[in-house]
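Chain naming here is simple, since letters A, B, ... match the order of the sequence lines and numbering starts at 1 in each. Reckoned from all heavy atoms, side chains included, excluding hydrogens, waters and symmetry mates.
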Amino acid sequence: MYVAVKGGERAIQNAHAWLAEERRGDTTVAELSVAQIREQLSLAVNRVMAEGSLYDPDLAALAIKQARGDLIEAIFLIRAYRTTLPRFGASAPVDTGDMACDRRISATFKDLPGGQVLGPTFDYTHRLLDFKLAADGETPDAPMRETEVGPVPHVTEFLNQEGLIEEATHVDTTPPDLTREPLEMPADRALRLQALTRADEGFTLSMAYSTQRGYARNHAFVGELRIGTVPVEMEIPELGFAIEIGEITLTECETVNQFKGSKTEPPQFTRGYGLVFGQTERKAISMALVDRALRWEELGEDNVGAPAQDAEFVLYHADNIQATGFLEHIKLPHYVDFQSELELVRKLRREVEASQGQHQEAAE
Amino acid sequence: MKDTIDQTPDRKAWMSLMAKAPEGRVAALLDAALPRPDYTWLRAPEIGSVMVRGRAGGTGAPFNLGEMTVTRCALTLPSGEVGHAYVQGRRKADAEVAALVDALMQTDAVNVLRTKVLDPLEQEATARRITRAEKAAATKVDFFTMVRGED
C-alpha cells in the first residue's frame with residue numbers, strides 16, 4: 001500500500017531560515033559584498049565560471065556567497081541560471097594567438113620569442129602562511145617595465161619549423177554541443193574538449209595525474225601555458241557583420257608528448273590541449289593531459305586499458321553537477337523504496353530460518 | 001532591421017569598444033557630451049547568452065568552450081537612424097546607451113561623440129592594456145649563464 005506523507009513544510013522553511021542566518025555568520029563581523037568576492041576570491045570565481053560553463057564574474061561571485069563558499073553548490077546555481085537564458089548565438093572561435101598575455105611560460109624552450117613571463121603566479125612562493133594578510137597589510141604596487149604591446153606567437157608555431165610536431169589543421173565545422181544534445185559515445189574530440197573544459201577540476205586533475213604515474217603513460221611536457229584576455233567576436237545577423245561583444249580571460253595549455261609513432265603516424269611530438277575560462281592553470285594542464293590520453297584511437301596507439309583512455313568512463317564521470325545530483329539524491333526520502341527492501345530481507349530471512357529448521361530436524 | 005549604411009569597419013570598431021567598456025562609463029561620457037535624444041525601442045534590452053568557441057590546439061577544429069552573458073537591444077531615433085548594441089554581461093543600462101551612441105554616430109553628432117565619447121573610451125582601454133602588459137613584462141625572466149669552472 002502506498003501512503004502519501006506530508007508534513008515537512010514547516011521544518012523545511014525553518015531549516016532554510018536557519019541556513020540564511022548561518023550563511024551570514026557572526027553579525028558583529030562585516031558582511032562580504034559580492035564585489036569583494038569577485039575581486040578578492042577571483043580564483044574561486046574563475047573555477048565557478050569554468051565549471052558552471054558561464055562567463056560572468058558577478059554572477060559567479062553571487063553564487064559563491066549564496067553557497068557559503070561551497071563551490072560545487074555555486075556551480076550548480078550557475079548551471080541552473082544558465083538554462084534560463086535565451087541563447088543569442090555562438091561566437092567565432094576565439095584566437096588565442098591574439099591573447100594579451102598576463103602569463104606565458106614554456107617548460108620546453110628557454111629562449112622563446114616573447115620570453116618567459118611569469119605573471120601573477122603562486123609558483124616559486126614558499127607556501128608559508130603570510131600573517132601580514134591577517135593583519136590588513138597594505139599591498140605593494142606591482143613593478144612595471146616598458147614593453148611593446150602586441151600578440152605573442154604560440155610556441156608550437158615556431159617549434160614546428162622542422163615538422164616534428166603534429167599540426168592542428170584549421171577547419172570550420174560546427175561543433176557538437178552537449179548542452180543541447182545528450183553526450184553520447186563515441187564522442188569526437190570537439191565534444192570531449194567541451195566536456196573536459198567544464199569538468200570537475202579535482203576529477204580532471206586525478207585523471208591527468210594517473211597518466212603521469214603510468215596509466216596510459218604519454219610523457220607530457222608543457223609546451224606552452226598562457227593566461228590572458230582575448231576578445232570574443234560574433235556575427236550579428238541584423239547588422240550583417242561581426243563585432244566584438246566582450247573580452248574574457250582564458251588559460252590555455254598545450255602539451256607536447258613524446259610519440260614513437262604508430263601504425264598510422266610517423267614518430268613525432270603529438271599534442272594535448274587545454275583551454276579553460278579564467279585563470280585556471282591547474283585545470284588547463286590537467287585537461288591537456290586527459291585530452292591527449294583520450295586521443296589514443298585517432299593516433300593509432302594501443303588501448304592499454306587505462307582509466308584515462310576510456311572516454312566513456314572519463315566523460316560520464318567528469319561532470320560534478322551530474323555526479324553530485326545523483327550522489328546527493330540518496331539522502332532524500334526513500335521511505336517507500338526502503339519499506340519494500342525491508343519486506344524482502346525479512347522474507348528472505350524467514351525462508352533461510354525455515355530451511356535451517358528443516359535441516360536440523362532432518363539431522364536429528 | 002537590416003541597415004544599409006556602409007560604414008562597417010568604423011561601426012564595428014565603436015560597437016566593439018562599447019561592448020567591452022566598464023559599467024556606466026559610456027553613459028557618463030555621453031551625458032557629459034550632449035543631452036540624450038528621444039528614441040523608440042525596436043528591441044527592448046534583453047539578457048541572454050552567447051556560446052563562446054575555441055579551437056582544438058589553438059588553430060584546429062572548433063569546440064564549444066562555454067557561454068557568456070550578453071545584453072542586447074535596438075532602438076530608433078525620431079530621425080530614423082537605427083542603433084544596435086550587444087554588450088558583455090547583464091547590463092541593460094549600458095546596452096541602452098551603447099545603442100543610443102550607435103544611432104547618434106549616424107547623425108551629425110558624429111564629431112562630438114568621437115572626441116568626447118569614443119576617443120576617451122579608446123584611450124582608457126589602451127591605458128588599461130598597457131598597464132597590464134607592463135606588469136607582465138616586469139615578471140619576464142632574464143636568463144643569464146653562470147661561468148662554470150670546469151677546466
Most chain B-contacting option - heavy-atom pairs closer than 4.5 Å, from [options]:
| options | value |
| --- | --- |
| A/L250, A/V149, A/T96, A/D291 | A/V149 |
| A/A288, A/P143, A/G228, A/G52 | A/P143 |
| A/P57, A/A190, A/G97 | A/A190 |
| A/R104, A/E148, A/Q116, A/M234 | A/Q116 |
| A/A92, A/A242, A/C101, A/A142 | A/A242 |
| A/L178, A/T229, A/L193 | A/L193 |

Note, [X] side chain near [Y] side chain (heavy atom, < 4.5 Å):
| X | Y | answer |
| --- | --- | --- |
| B/M51 | A/T179 | yes |
| A/T174 | B/P62 | no |
| A/V232 | B/M68 | yes |
| A/K110 | B/V141 | no |

If I measure from the heavy atoms of chain B, does [X] come under 4.5 Å with its side chain, its backbone, both, or neither?
| X | value |
| --- | --- |
| A/R87 | both |
| A/C253 | neither |
| A/A50 | neither |
| A/E254 | side chain |
| A/T173 | both |
| A/F88 | both |
| A/P176 | backbone |
| A/E252 | side chain |
| A/Y55 | both |
| A/D95 | neither |
| A/L191 | neither |

Who wins among [options] for the most heavy-atom pairs under 4.5 Å with chain A?
| options | answer |
| --- | --- |
| B/E46, B/R72, B/R129, B/M18 | B/R72 |
| B/G60, B/A136, B/S49 | B/S49 |
| B/A21, B/A61, B/A85 | B/A61 |

First locate atom [atom1] of [X], then atom [atom2] of [Y], and finally report the distance between them rounded to the nearest 0.5 Å.
| X | Y | atom1 | atom2 | result |
| --- | --- | --- | --- | --- |
| B/R53 | A/E233 | CZ | CD | 14.0 Å |
| A/L239 | B/M15 | CG | CE | 5.0 Å |
| B/T69 | A/R82 | OG1 | CZ | 12.5 Å |
| B/D142 | A/R145 | CG | CZ | 4.5 Å |
| B/E67 | A/T83 | CD | OG1 | 9.5 Å |
| B/D102 | A/I243 | CG | CD1 | 8.5 Å |

Verify the neighbour count for atom [atom1] of [X]: are there more than 12 heavy atoms of other residues, nucleotides or ligands below 6.0 Å?
| X | atom1 | answer |
| --- | --- | --- |
| A/D123 | CG | yes |
| A/R295 | CZ | yes |
| A/E235 | CD | yes |
| B/E124 | CD | yes |
| B/R36 | CZ | yes |
| B/K116 | NZ | no |

How close do [X] and [Y] get, heavy atom to heavy atom, and via which atoms?
| X | Y | answer |
| --- | --- | --- |
| B/L65 | A/T197 | O-CG2, 3.4 Å |
| B/A133 | A/T147 | O-CG2, 3.6 Å |
| A/Y81 | B/R90 | OH-CD, 3.3 Å |
| B/T139 | A/G119 | OG1-N, 2.8 Å |
| A/G115 | B/K140 | CA-CE, 4.1 Å |
| B/Y86 | A/I236 | CE1-CG2, 3.5 Å |

Problem set entry | Check: A/V171 main-chain N/O paired with B/R55 side-chain donor or acceptor under 3.5 Å |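 Confirmed, B/R55 side chain pairs with A/V171 backbone.
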Problem set entry | Portion of B/V52 that has a non-hydrogen atom of chain A nearer than 4.5 angstrom |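 When you check distances to chain A, atoms from both the backbone and side chain of B/V52 fall under 4.5 Å.
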For this session: Side chain from CB out, backbone as N, CA, C, O: work out which of these in B/T131 comes under 4.5 Å of a heavy atom of chain A, or both, or neither.
Result: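 Contact with chain A: backbone and side chain both.
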For this session: Determine, step by step, whether B/K135 and A/M144 satisfy the side chain to side chain contact (heavy atoms under 4.5 Å, CB included) criterion, reporting the C-alpha distance in whole Å, the side-chain angles of both residues, the deciding distance to 0.1 Å, and the verdict.
Result: CA-CA 4 Å; B/K135 285 179 187 172; A/M144 292 162 74; 3.7 Å; yes
